Amino acid sequence: MNLLVVTQYYRPEIFRINDLVAALRDRGHAVTVLTGQPNYLGGQHYPGYGWVRPWREDDDGVRVLRCPLVPRGRGGGLRLAINYLSFALIASVLVPFRCRERFDAIFVYEPSPITVALPALVAKAVTGAPVVLWVLDLWPDSVAAAGGVRSARVLAAIDRLVRFIYRHCDRVLVQSRAFIPRVQCQGVSDAQIGYFPSWADFVEPSAVLPLPALPAGFKVMFTGNIGVAQDFGTILNAAERLATHPDLHWIIVGDGRQADWVRAEVSRRGLERCFHLVGSFPLEAVPALLAQADAALVTLKSNPIFALTIPAKIQTYLSCGCALVGALDGEPARVVTESGAGRVGPAEDARALADNVAALYRMSPAERSALGAAAREYYEHEFERGHLMDRLESILAGAGVIQSPALSTS
């Protein structure tokens with residue numbers, strides 16, 4: 001197949017779409033990626049990139065077409081909105097000039113924002129190719145939950161935009177089964193909706209990268225973004241409850257907008273002995289880091305949208321055969337429970353989190369190893385990359401069978 005992938009983010013930015021594109025290429029498909037100039041997470045153009053250059057790149061056999069956009073800066077609400085809209089508008093204008101060839105399907109990667117689908121709909125109008133939208137973030141729900149948007153008028157406008165986009169896509173794939181009722185409510189038929197979850201960003205650990213020296217003892221490890229949604233207040237409260245255990249350590253791998261606040265809280269609460277922020281590491285190093293952990297930690301704030309969303313780190317933890325501990329609601333809590341890989345309590349419940357960590361702490365290594373084995377087995381059954389790529393190929397090949405209506409604003 002000749003495929004067009006539309007994504008605001010792409011290599012050298014680190015997102016799962018990089019792996020998906022590589023998998024499609026390795027399976028013999030011709031892949032063109034329409035994307036922006038890289039600026040995530042630092043907020044400025046990466047070295048070697050700018051407002052208009054480079055226009056084209058060859059990424060090991062993948063043709064990459066880059067569009068100008070306004071960098072996200074420090075990630076404030078207004079600057080993010082400008083960042084999102086600049087890519088959507090400029091890419092939409094450029095599509096008729098740069099993406100006129102025949103494509104068998106157009107695949108849209110939507111971790112956020114939903115506006116990334118607009119250039120894909122223009123490409124559909126130009127080429128006639130069907131559009132498959134992969135929804136990893138529900139709008140407008142997530143904008144209200146994590147973005148702090150409270151204006152009913154703004155949220156209503158976003159909802160109309162989402163309905164317009166969904167209605168004109170040939171397939172809408174969702175990363176969580178819990179997304180399906182919400183997508184149905186926005187006018188998408190059952191026949192157009194498909195379940196397509198994420199997989200781990202990597203399969204085999206790499207021990208060749210330098211790793212930090214970790215303290216001896218029982219290690220609870222968190223990897224990924226340190227943000228508001230990850231609810232570090234609950235993690236810190238649980239750590240305080242268990243601070244009397246001299247050999248129990250909380251290892252935080254990653255960075256984010258809340259990292260400075262977390263460091264300040266660790267100092268204020270006197271948790272320096274047991275709470276360690278070790279910084280960010282390449283994805284290839286994460287399996288080797290998790291191999292040193294006794295339990296892998298995942299938390300989200302209590303919010304209806306977060307109860308629908310499976311954090312990508314869950315697949316990573318499962319694939320690495322880790323015992324899991326979490327403070328979660330809804331769908332992610334179901335996955336942890338159903339996998340038999342660990343213990344989970346309600347979101348924002350520090351007491352339950354501390355109790356569950358303590359329960360894992362008291363287990364024998366053999367008992368925790370059995371939880372890790374259950375995690376890996378569940379991953380192979382539900383989230384293994386090869387099986388998911390087989391499914392995606394089938395979806396893309398048949399995407400045009402159900403015809404969505406012609407583009408309109410009605």
Side-chain angles (χ1 to χ4, degrees), residues 1 3-7 16-17 20 24 88 92 95 102-145 155-199 304-310 330-332 334-335 382-383 387-410:
M1 289 184 287
L3 303 172
L4 175 64
V5 174
V6 180
T7 170
R16 184 165 277 100
I17 189 62
L20 184 146
L24 291 172
S92 295
V95 157
R102 180 187 177 278
F103 293 103
D104 295 296
I106 301 166
F107 182 83
V108 185
Y109 176 68
E110 190 267 306
S112 200
I114 189 64
T115 49
V116 70
L118 294 175
L121 296 184
V122 175
K124 175 180 178 176
V126 170
T127 67
V131 173
V132 177
L133 172 65
W134 189 22
V135 178
L136 289 92
D137 196 17
L138 280 179
W139 280 47
D141 310 63
S142 62
V143 177
L155 292 173
I158 295 173
D159 186 69
R160 288 193 295 272
L161 174 64
V162 172
R163 288 173 180 270
F164 170 82
I165 289 170
Y166 285 173
R167 190 166 66 246
H168 293 100
C169 290
D170 297 81
R171 292 286 192 278
V172 177
L173 307 182
V174 293
Q175 64 105 321
S176 166
R177 289 189 176 93
F179 280 17
I180 293 175
R182 185 71 181 95
V183 173
Q184 289 172 326
C185 288
Q186 289 175 303
V188 183
S189 69
D190 291 352
Q192 288 174 280
I193 301 174
Y195 171 58
F196 184 68
S198 298
W199 57 96
I305 184 62
F306 298 147
L308 303 178
T309 305
I310 303 173
E331 185 73 358
R334 179 195 66 78
V335 170
E382 293 288 328
F383 304 119
H387 298 326
L388 292 175
M389 289 301 107
D390 290 343
R391 189 187 309 174
L392 180 60
E393 280 187 309
S394 177
I395 291 168
L396 292 171
V401 174
I402 298 176
Q403 296 296 329
S404 59
L407 288 179
S408 70
T409 57
S410 60

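Because the structure is predicted, anything quoted here is derived from the model rather than measured.
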Legend entry - Student check: side-chain heavy atoms of R16 and Q175 closer than 4.5 Å: no
Inset, instruction - Check whether any side-chain heavy atom of W199 lies under 4.5 Å from a side-chain heavy atom of M389, and answer yes or no. - result: yes
Inset, instruction - Kindly say whether H168 contributes a backbone atom to a donor-acceptor pair with the side chain of K124 at under 3.5 angstrom? - result: yes
Legend entry - D137 side chain reached by E110 side chain, heavy atoms, under 4.5 Å: yes
Legend entry - Side-chain heavy atoms of L392 within contact of L173, under 4.5 Å: yes
Legend entry - Nearest-0.5 Å distance, CG of residue L161 to OH of residue Y166: 10.0 Å
Legend entry - Minimum-distance pair of heavy atoms, taken over all atoms of D170 and Q192: O-CG, 3.7 Å
Legend entry - Side chain to side chain, R171 and L396, heavy atoms closer than 4.5 Å: no
Inset, instruction - Quick one: pull up CD1 in I193 and CZ in R182 and give me the separation to the nearest 0.5 Å. - result: 12.0 Å
Inset, instruction - Quick one: pull up CD1 in I165 and CD1 in I114 and give me the separation to the nearest 0.5 Å. - result: 4.5 Å
Legend entry - For the student: nearest non-hydrogen atoms of Y109 and T7, plus distance: CD2-OG1, 3.4 Å
Legend entry - Minimal non-hydrogen separation, V108 against A117, with atom names: CG1-CA, 3.9 Å
Inset, instruction - Mind listing the closest non-hydrogen atom pair of W134 and L20 along with its distance? - result: CZ3-CD1, 3.9 Å
Legend entry - Side-chain touch L136/S198, heavy atoms, less than 4.5 angstrom: yes
Legend entry - Side chain proximity check, Y195 to R391, heavy atoms < 4.5 angstrom: yes
Inset, instruction - Indicate yes or no: at least one non-hydrogen side-chain atom of V162 is less than 4.5 angstrom from one of L138. - result: no
Legend entry - Taking every non-hydrogen atom, the tightest pair across I158 and P140: CG2-CB, 3.6 Å
